[in-house]
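Let me begin by presenting the structure, written as structure tokens, before commenting on it.
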Amino acid sequence: MSEATRSIGYICPVCGQAVVAQRTAFQLAAGDSALPCPCGKSELRFTQLDGRCEVTVPCLFCARDHTAVCASHALLHQKLLALSCPASGLGICCIGEEGPVFHAMEQLERAVDKLRLDGQTGARGAFLDGVVMEETLAELRDIAARGGISCACGSTDYGVKVGFSAVDLMCARCGAALRLSAATPDDLAALCARDSLTIPGKKA
């Protein structure tokens, strides 16, 4: 029986290429490690903590490294763990099963291509894709109108924060947030397929 593997992907901020590799669960859990880009100018780093893992990802969008801490169990077993840039809301790293990671990386590459095209034409606006964002907000209004937005803490009061390529639903009671990507038509389709949305809630 072969050992389970995890797929890991990010976009190098220096050369702009997608970096995707596989690591066994043992390799990820055994100690600190790194996933360098073949260009040699960036790398994704894993730092093992007690039952948790610190992931440091170079960001293509704001030219800074972002660090997130996740549970080791999620890193090794979750179907798809996606980390995003706090400033833009765009995904910067995907870890998980091969199929979901490759699909997420394809979406990320499309978003990056659109950013590059907008940069060349000077067409960059308030949102990565204005049509997707407009339709996302309309769909959220529809879900809210039928009482489909709530928080795991029991509250139904929430606020909405609109970013460049994502929308955050924030619970008014506990402060927890649910980020919904609004970067590509696939993101919109995924939202339209949902009848309700639950903000995860914060533990007291």
Side-chain angles (χ1 to χ4, degrees), residues 1-15 17-105 107-109 111-112 151-153 161 163-171 173-181 183 197-204:
M1 184 177 176
S2 61
E3 184 179 355
T5 59
R6 306 292 283 164
S7 293
I8 305 159
Y10 76 100
I11 303 284
C12 174
V14 181
C15 71
Q17 297 302 304
V19 182
V20 181
Q22 288 194 326
R23 296 285 188 272
T24 66
F26 175 78
Q27 286 174 319
L28 286 176
D32 298 351
S33 59
L35 172 59
C37 176
C39 78
K41 296 181 180 178
S42 76
E43 66 176 15
L44 184 153
R45 299 188 300 277
F46 296 97
T47 304
Q48 295 298 328
L49 306 172
D50 184 20
R52 296 172 297 152
C53 181
E54 186 177 86
V55 185
T56 302
V57 189
C59 181
L60 174 72
F61 307 105
C62 62
R64 296 175 53 195
D65 286 354
H66 296 306
T67 299
V69 177
C70 60
S72 295
H73 184 273
L75 180 73
L76 301 177
H77 301 287
Q78 195 163 308
K79 185 175 181 180
L80 178 65
L81 186 65
L83 307 179
S84 60
C85 167
S88 68
L90 288 165
I92 54 173
C93 173
C94 306
I95 304 168
E97 297 175 3
E98 183 177 12
V101 166
F102 273 84
H103 179 68
M105 288 301 295
Q107 288 185 282
L108 178 54
E109 287 182 279
V112 170
C151 181
C153 76
K161 181 180 178 183
F164 179 59
S165 65
V167 178
D168 291 323
L169 301 180
M170 297 170 293
C171 176
R173 179 191 293 174
C174 72
L178 174 66
R179 171 158 287 184
L180 302 167
S181 181
L197 296 166
T198 303
I199 302 169
K202 285 185 179 179
K203 295 181 179 179

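The figures here come from the full heavy-atom set of this structure, side chains too, leaving out hydrogens, waters and symmetry mates. Here the structure is a predicted model, which is why all the values come from computation and not from measurement.
Although no hydrogens or angles enter the test, the distance criterion places a donor-acceptor pair under 3.5 Å between the side chain of Arg173 and the main chain of Cys153. A side-chain donor-acceptor contact under 3.5 Å links Arg6 to the backbone of Leu75. In terms of modelled atom types and a separation under 3.5 Å, the side chain of Ser72 and the main chain of Gly51 share a donor-acceptor contact. No donor-acceptor pair closer than 3.5 Å links the side chain of Glu109 to the backbone N or O of Ile11. No donor-acceptor pair closer than 3.5 Å links the side chain of Asp168 to the backbone N or O of Ala177. Put simply, the side chain of Tyr10 gets close to the backbone of Cys37: a donor and an acceptor are under 3.5 Å apart.
Arg179 and Ser84 share a side-chain donor-acceptor pair at under 3.5 Å. Thr67 and Thr56 share a donor-acceptor pair across their side chains, judged by distance under 3.5 Å alone.
Partners of His103 by side chain to side chain contact (heavy atoms under 4.5 Å, CB included), not counting sequence neighbours, listed by chain and number: Glu106, Gln107, Asp186. Here Ser181 pairs with Ala183, Asp187 under the side chain to side chain contact (heavy atoms under 4.5 Å, CB included) rule; sequence neighbours left out. Not a single side chain to side chain contact (heavy atoms under 4.5 Å, CB included) links Ala82 to another residue, sequence neighbours left out.
Thr5 OG1 to Glu97 CD: the interatomic distance, rounded to the nearest 0.5 Å, is 9.5 Å. Put simply, SG on Cys53 and CG on Leu76 are 8.0 Å apart, with the number rounded to the nearest 0.5 Å. Rounded to the nearest 0.5 angstrom, Gln48 CD and Ser33 OG are separated by 7.0 Å.
Residue Met105 comes nearest to Cys94 through the heavy atom pair SD-SG, 4.1 Å, listed as atom of the first residue, atom of the second, then distance. Annotation for Thr198 and Cys151: closest pair CG2-C, 4.3 Å, computed over non-hydrogen atoms. Between Ile92 and Cys59, the shortest heavy-atom contact is CG2-SG, 3.8 Å. Across all non-hydrogen atoms, the minimal contact from Leu80 to Gln78 is O-NE2, 3.1 Å.
Using a 4.5 Å heavy-atom threshold, the side chains of Asp32 and Phe46 count as separate. Under the 4.5 Å side-chain criterion, counting only non-hydrogen atoms from C-beta, Asp65 is not in contact with Val57. Residues Val167 and Lys161 form no side-chain contact, since every pair of their non-hydrogen atoms from C-beta on lies 4.5 Å or further apart. Within the 4.5 Å cutoff, the side chain of His66 has heavy atoms near those of the Cys85 side chain. Two residues are said to be in side-chain contact when any heavy atoms from C-beta on lie closer than 4.5 Å; Leu180 and Leu169 meet this criterion. A 4.5 Å side-chain heavy-atom check between Ile8 and Leu44 finds at least one atom pair inside the cut-off.
Paired with Cys12 under the rule side chain to side chain contact (heavy atoms under 4.5 Å, CB included), one option of Pro58, Pro38, Pro36, Ser42 passes, and it is Ser42.
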Side chain to side chain contact (heavy atoms under 4.5 Å, CB included) between Val55 and Leu81, intermediate numbers included: CA-CA 11 Å; Val55 185; Leu81 186 65; 6.0 Å; no
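Within a 6.0 Å sphere centred on NE2 of His77, other residues, nucleotides and ligands contribute more than 12 heavy atoms.
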